[in-house]
Amino acid sequence: MNKKKVYPLYFLILPVVVYGLLFFLPSMFSFYYAMTDWNSYNSEIHFVGFENYKTILKDSQNYLHALGNTLFFTVGTTVLKNGLGLFLALILNERIKGKNLLRLIFYLPVTMAPLIVGLIFTSVLNPSYGLLNSVLEAIGLGNLATAWLVKKNTAMASIVMVEVWKSVGFNMIIYLAGLQTISKTYFEAASIDGAGKRHMLLYITLPMLLPSIQVNLLLNLINSFKVFELVFILTRGGPGNMTEVLNTLVFGEFSAGRYGLSTAFGVCLLLITAIIAFSSLKILSRAMGGEEE
Amino acid sequence: MRNRKRMELAIRTVVMWLLSLIILIPLLMVLLNAVKSQAEAATMSLSLPEEFHFENFKRVIKEGKMIRAMSNSFFLAISSVVITNLGASMGAFVLSRRRTKGTKGIYFFFLIGLLAPINYIPTIRMLQVLHLMNTMLGVVFLFSALMLPFDVFLYYGFVSTVPVELDEAAIIDGCKSFQMFFKIEVPLMKPVITTGVLINFMNAWNDFNIPLYMLNRSENYPVTMAVYNFYGTYVSSWNLVAAAIIVSIIPVLCVYLMGQKYIISGMSAGAVKG
């Protein structure tokens with residue numbers, strides 16, 4: 001069979017053109033536009049070299065703060081979503097009444113738009129009438145009630161919790177799929193050898209789940225760096241710039257018409273994502289290689 | 001021993017259902033307040049409405065221009081779903097069957113898009129050059145471009161499980177490539193096509209960033225933008241905002257409830273293969 005004739009390359013034209021023109025090429029051009037003074041006040045675009053990056057470094061207090069917030073969000077959500085997601089998956093993998101309905105419920109927020117989830121939680125976290133504070137008061141923890149999205153200590157943490165609420169179901173589903181690939185014979189053999197539950201979790205379940213852990217960590221890390229809608233709707237980066245993240249900076253500079261600078265932030269985001277993706281892939285595949293040997 | 005086990009299971013069940021309340025209560029709050037009067041909804045409490053104000057939905061649909069927004073969202077979602085799935089299935093089919101250095105390179109080229117974030121400004125520039133900026137068609141192609149990497153990955157994995165012998169038989173029977181693809185492969189791909197279509201539809205429906213950057217005429221706004229603007233105008237009428245939220249999530253909710261098996265299998269496809 002002539003593969004060239006049977007599987008013609010023109011099948012690739014549509015996806016390569018659409019993706020290439022509207023995603024790949026713009027990503028490549030971003031390195032150029034990040035070195036220009038392109039803005040909305042001036043129709044001409046000048047090459048300015050590393051000027052935009054210098055601006056970022058010069059005003060670094062502001063911008064490093066946003067980077068710090070993005071990192072806080074990334075680490076916080078990744079840790080919580082994996083811990084809780086694994087916990088939910090382990091229990092829902094057992095014979096529990098209504099486990100299918102429970103899985104459906106925990107996954108439900110994953111299907112909702114981040115914008116809508118943000119909107120719902122502007123109400124839930126409202127300091128005067130919000131549901132969270134009312135519940136806290138009702139169960140006698142009224143002294144914990146606070147202005148969640150306004151106070152310095154709680155604003156970013158609240159955004160983290162909203163993201164965990166929205167996305168923990170995704171991690172749960174990935175872990176459930178991983179758990180179902182583990183053969184029962186391992187546990188039977190272990191229990192004959194007298195292993196307790198904790199040992200089985202540590203020495204069978206977790207090592208066998210490494211592929212799922214890898215997928216979850218990678219997706220969580222990459223997607224958290226792109227966080228935008230939740231911050232945009234919950235705090236708009238405020239109060240002040242307390243909850244500013246990288247993508248709200250990109251949008252802020254875009255709205256202000258400083259296109260070159262906005263692109264430079266986008267490039268930073270791209271580079272950080274690339275570094276995280278490749279290093280975590282490398283570390284995790286090494287961990288997995290070690291297990292298989 | 002047996003009793004203890006049963007106790008443990010019962011405790012776990014109760015704990016799980018209690019935890020599920022954390023998810024359900026905020027949603028219940030939205031549902032209840034959507035049918036309250038403005039004064040009653042001002043506190044967004046969990047109390048039952050004194051009387052049901054179903055006219056809230058009427059007002060949202062009329063004043064929020066929801067019919068327009070809904071049809072925009074349907075147009076954007078369905079068109080981009082068609083382009084993405086047609087392109088990804090055909091592309092991934094050839095990439096998976098012809099494994100040369102070149103096709104592996106193209107596959108890698110798509111995978112980059114799974115990781116890299118979009119850079120909005122150069123994308124706007126590109127849309128301007130193509131005369132697609134601020135148009136629905138531009139957003140359709142942009143959605144497709146953003147969803148293609150995931151779909152190529154999804155279809156690529158599936159195609160490798162379809163036996164090549166079927167292609168050979170079809171060719172021997174005199175099929176041309178197009179015929180073979182649409183008559184033999186597409187019927188076999190039905191489960192993965194369902195997965196791709198449903199996940200892409202939800203992605204497109206829920207997207208807010210692209211219209212925020214790329215559409216500035218309100219008659220083009222999809223549902224997410226319409227709800228956002230509605231919230232800006234009616235920030236003190238939480239009953240209406242809650243009704244708008246419900247209107248906007250009904251389509252994705254239906255898609256999810258009907259196709260959850262396919263959606264979840266697609267989402268975990270990557271995890272199982274590792």
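First the proteins, then the strands, lettered A, B, ... as listed; each starts at 1. Only this structure's heavy atoms are used, side chains among them; waters, hydrogens and symmetry mates stay out. None of the values given here were measured: they were computed from a predicted structure.
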Answer with side chain, backbone, both or neither: which region of [X] has an atom nearer than 4.5 Å to a non-hydrogen atom of chain A?
X       : answer
M147(B) : neither
E8(B)   : side chain
A92(B)  : neither
L132(B) : neither
M16(B)  : both
S20(B)  : both
L142(B) : both
I172(B) : neither
L130(B) : side chain
Y231(B) : side chain

Check whether [X] reaches the backbone of [Y] with its side chain - one donor and one acceptor, N or O, closer than 3.5 Å.
X       : Y       : value
W205(B) : A113(A) : no
K3(A)   : R97(B)  : yes
N206(B) : P114(A) : no
S27(A)  : I118(B) : no
S177(B) : P8(A)   : no

Heavy-atom cut-off 4.5 Å, strictly under: side chain, backbone, both or neither for [X] against chain B?
X       : result
L88(A)  : both
L131(A) : side chain
V168(A) : neither
K97(A)  : both
S30(A)  : both
F232(A) : side chain
F170(A) : side chain
V17(A)  : neither
I276(A) : neither
L104(A) : both
L269(A) : both
K5(A)   : backbone
L108(A) : both
Y259(A) : both

Side-chain contact test, heavy atoms from C-beta onward, threshold under 4.5 Å: evaluate it for [X] versus [Y] and give yes or no.
X       : Y       : result
L19(B)  : F87(A)  : yes
V16(A)  : F109(B) : yes
S123(A) : W238(B) : yes
W17(B)  : L101(A) : yes
Y10(A)  : V94(B)  : no

Determine, step by step, whether Y256(B) and Y107(A) satisfy the ring pair (Phe, Tyr, Trp, His ring centres under 6.0 Å) criterion, reporting the C-alpha distance in whole Å, the side-chain angles of both residues, the deciding distance to 0.1 Å, and the verdict.
CA-CA 10 Å; Y256(B) 168 55; Y107(A) 194 77; 5.7 Å; yes
[atom1]-[atom2] distance between [X] and [Y], expressed to the nearest 0.5 angstrom:
X       : Y       : atom1 : atom2 : value
T111(A) : L198(B) : OG1   : CG    : 12.0 Å
L21(A)  : T123(B) : CG    : OG1   : 11.5 Å
S89(B)  : F11(A)  : OG    : CZ    : 9.0 Å
L115(B) : L218(A) : CG    : CG    : 6.0 Å

Of all the heavy-atom pairs spanning [X] and [Y], show the shortest one and how long it is.
X       : Y       : value
F121(A) : P26(B)  : CZ-CG, 4.4 Å
Y19(A)  : A145(B) : CD1-O, 3.5 Å
W165(A) : I22(B)  : NE1-O, 2.9 Å

Can Y7(A) and D167(B) be said to form a side-chain hydrogen bond (donor to acceptor under 3.5 Å, both in side chains), step by step?
CA-CA 10 Å; Y7(A) 308 114; D167(B) 303 2; 2.6 Å; yes
Sort out for me which of Q260(B), M29(B), R98(B), R12(B) touches chain A most, counting heavy-atom pairs under 4.5 Å.
R98(B)
Carefully, step by step, assess M126(B) and L22(A) under the rule side chain to side chain contact (heavy atoms under 4.5 Å, CB included).
CA-CA 7 Å; M126(B) 181 59 90; L22(A) 289 175; 4.0 Å; yes
Once you measure the plane-to-plane angle for Y213(B) and F251(A), does it fall in the parallel (<30°), tilted (30-60°) or perpendicular (>60°) bin?
perpendicular
